[in-house]
Structure formats: structure tokens, C-alpha cells
Amino acid sequence: MKIASWNVNSLRVRLPQVLDWLEKSDVDILAIQETKVEDCSFPINDITDAGFFCDYIGQKTYNGVTTISKIPPKESIKLINNEEQEQKRFLLTRYGEDLSVLNLYVVNGHEVGSDKYEYKLDWLKKIKKHIENDLKKTKYYVVLGDFNIAPNDEDIYDPEAWKDRILCSKKERHALEEILDLGFTDSFRIFDQDKELYSWWDYRTGAFRRNRGLRIDLILSNKALSDKCTSSYIDIMPRENERPSDHAPVVSVFDI
DNA sequence: ATGGTGGAAGGTCCA
């Protein structure tokens with residue numbers, strides 16, 4: 001089973017690219033972030049017409065997540081710790097008897113020390129708690145999405161310039177570690193990878209052309225799933241498109 | 001260099 005994550009920065013703008021990539025990549029499950037579309041305007045017909053099932057939760061202008069799949073969802077959970085969320089960033093979908101897929105659009109945080117930064121750290125704590133309480137419900141468990149955190153210095157094009165800045169600060173990395181400590185593995189790092197592989201490049205200053213990127217889009221797998229992981233990669237081709245998202249899709253393949 | 005670009009919305013916020 002091939003599982004992917006992609007922050008598309010507006011589903012309506014990127015829908016043709018998403019449908020094209022679904023066909024080319026042959027992924028079974030694609031977790032999308034930043035759909036920026038309310039549920040009443042969600043392009044459900046375009047997705048079902050292409051032969052996919054779809055779970056989604058969105059809002060106007062900001063945030064929004066959807067998980068597209070070849071197999072039908074069995075259960076959908078949209079509340080974090082049973083609490084209604086103003087910002088639509090969380091979507092937990094189960095498939096069959098064995099698989100939970102938690103699609104996250106982690107808070108950006110704006111700047112270290114800001115209110116948004118504190119909100120990010122607080123939000124991540126809530127996520128950790130939810131996962132902790134849910135983790136044993138299925139054999140296979142994947143937490144994936146735009147984490148807005150670069151796990152290590154090797155995930156940053158210029159670690160010195162980014163030291164202690166947003167997306168790279170110690171507290172953010174610690175919050176990610178706490179989730180990993182529940183028994184997850186960053187599936188990209190199960191394998192030896194080439195250097196300087198990233199998943200996000202700023203739209204400005206020709207960052208993609210110069211490969212000034214960060215790896216902030218992650219697929220975390222629990223032990224049962226990590227043991228079945230056969231490859232993990234970033235597909236930078238969609239970032240070469242006209243009117244691209246600023247993120248590229250990340251992919252992991254599991255022998256399940 | 002404290003800018004730059006892109007999306008949603010129709011002024012300005014967010015990333």
C-alpha cells in the first residue's frame with residue numbers, strides 16, 4: 001500500500017494537479033492539507049468521478065484537510081479529544097479492520113515566542129494526547145501531514161541560518177519527539193537517503209530553483225507498519241508544475 | 001537585503 005501526504009495550498013486551484021498526480025503516482029491513500037474550502041463547496045464529484053473515496057473537513061480561506069483513497073473509509077473522526085475545533089486541521093480516518101490514518105495540518109506558529117507559537121505547542125500536546133488514547137485501536141497506525149517542523153538539521157538547507165527559528169526550534173522538535181516516542185518512526189529515515197532532500201520551498205526568492213528547502217512534511221508509522229515499510233521518497237516533480245503548490249508530495253510504501 | 005510570492009478575498013491575513 002502506497003501512502004502519501006501533500007500540502008496543496010488550495011485544493012480548488014490545484015485540483016487538476018492532484019488528479020493528475022493521483023493517476024501518475026498510483027497511491028492508495030493521499031492525505032492533503034490546506035484545502036482552503038468549506039465542506040459545502042468541496043469538489044467531491046470530481047474526486048469520486050476519478051474513482052476515489054474521500055473524507056474531508058474544511059473551512060473558508062484557511063486550513064482544511066482531506067484524505068483521498070482507493071478503498072472506502074470505515075470511520076471518520078474530526079474532533080481532537082472529543083472537542084470541536086475552530087481550525088480544521090485534523091482528520092482521522094480508518095480503513096478496513098487494521099488501519100488508522102491521521103491527517104494533520106500542524107499550526108505554522110509564525111514566529112518563536114509569538115501567541116501563534118504557543119498555540120502551536122499547545123495544539124501539538126493535544127494531538128499527542130489524542131494519539132496516545134487512540135493508538136491501540138488498530139494494528140497499523142500512520143500519522144502524516146504538514147508538520148511545519150523540520151525534525152533535524154539535515155532536513156534544512158541552511159541549519160545555521162534557521163537555528164532556533166520557527167519550524168526548527170527546540171520546543172517544536174521536542175513536541176514532535178514526544179509524538180515519535182509513542183512508538184512512531186519517521187518513515188523517510190528508515191532508509192538511507194540522498195542529501196538535501198526537502199518537501200517545502202518558499203515561493204519567494206527562487207527558493208526551489210536553488211533548492212533552499214525544508215523537509216517538514218512527514219509520514220510517521222507505528223512499529224507494525226514501519227516493519228512493513230519498503231520505500232520512502234519525495235516526489236519533487238509536482239513542484240516543477242506551472243502554478244505549483246509550495247510543497248511536494250511525500251510517499252511511503254508499506255507491504256500490507 | 002527584514003524584502004520577496006502565492007492564495008483567498010476584495011482589505012488584509014496567513015504562510
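So you know, we letter chains A, B, ... as the sequences are listed, proteins then strands, and number each from 1.
In the model, Asn148(A) has no side-chain atom that pairs as donor or acceptor with a side-chain atom of Trp200(A) under 3.5 Å.
Comparing the P positions of dG3(B) and dG7(B) gives a spacing of 22 Å, expressed to the nearest Å. Distance noted for atom C1' between dC13(B) and dA1(B): 24 Å (whole Å). dC14(B) and dA9(B) are spaced 12 Å apart, taking the C1' atom of each and rounding to whole Å.
At the heavy-atom level, Arg212(A) lies nowhere under 4.0 Å from the strands shown. Using a 4.0 Å heavy-atom cutoff across all strands shown, Phe208(A) reaches no nucleic acid atom at all.
Remark: side-chain polar atoms of Gln193(A) are paired, donor with acceptor, to backbone N or O of Ser232(A) under 3.5 angstrom. At distances below 3.5 Å, at least one donor-acceptor pair connects side-chain atoms of Ser114(A) with backbone N or O atoms of Tyr117(A).
Screening Thr93(A), Asn103(A), Thr66(A), Thr67(A) for a side chain to side chain donor-acceptor pair (under 3.5 Å) involving Asp55(A) leaves a single residue, Thr93(A).
Under 4.0 Å is where a charged nitrogen must lie from a carboxylate oxygen, and between Asp186(A) and Arg215(A) at least one such pair does. Using a 4.0 Å cut-off between a side-chain N of Lys or Arg and a carboxylate O of Asp or Glu, Lys120(A) and Glu172(A) qualify as a salt bridge.
At whole-Å resolution of the value, NZ in Lys120(A) and P in dC14(B) are 15 Å apart. Regarding His110(A), its NE2 atom lies at a distance of 9 Å from the P atom of dC14(B), rounded to whole Å. Going from atom OH of Tyr117(A) over to atom P of dA15(B) covers 15 Å, rounded to whole Å. Rounded to a whole Å, the OH atom of Tyr105(A) is 11 Å from the P atom of dC14(B).
Against DNA chain B, the stretch residues 147-163 of chain A makes no heavy-atom approach under 4.0 Å.
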Per-nucleotide protein contact string for nucleotides 2-11 of chain B (B base, S sugar-phosphate only, - none; heavy atom under 4.0 Å): --BBSSSS--
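The shortest distance between side-chain heavy atoms of Phe53(A) and Thr48(A) does not fall below 4.5 Å.
Taking the nucleotide of DNA chain B with the nearest heavy atom to each of Asn7(A) and Arg210(A), the more 5' of the two is matched to Arg210(A).
The environment of CD in Glu240(A) is crowded: more than 12 heavy-atom neighbours from other residues, nucleotides or ligands sit within 6.0 Å.
Geometric assessment of Arg239(A) against the ring of Phe208(A) yields a positive cation-pi assignment under the 6.0 Å and 45° thresholds.
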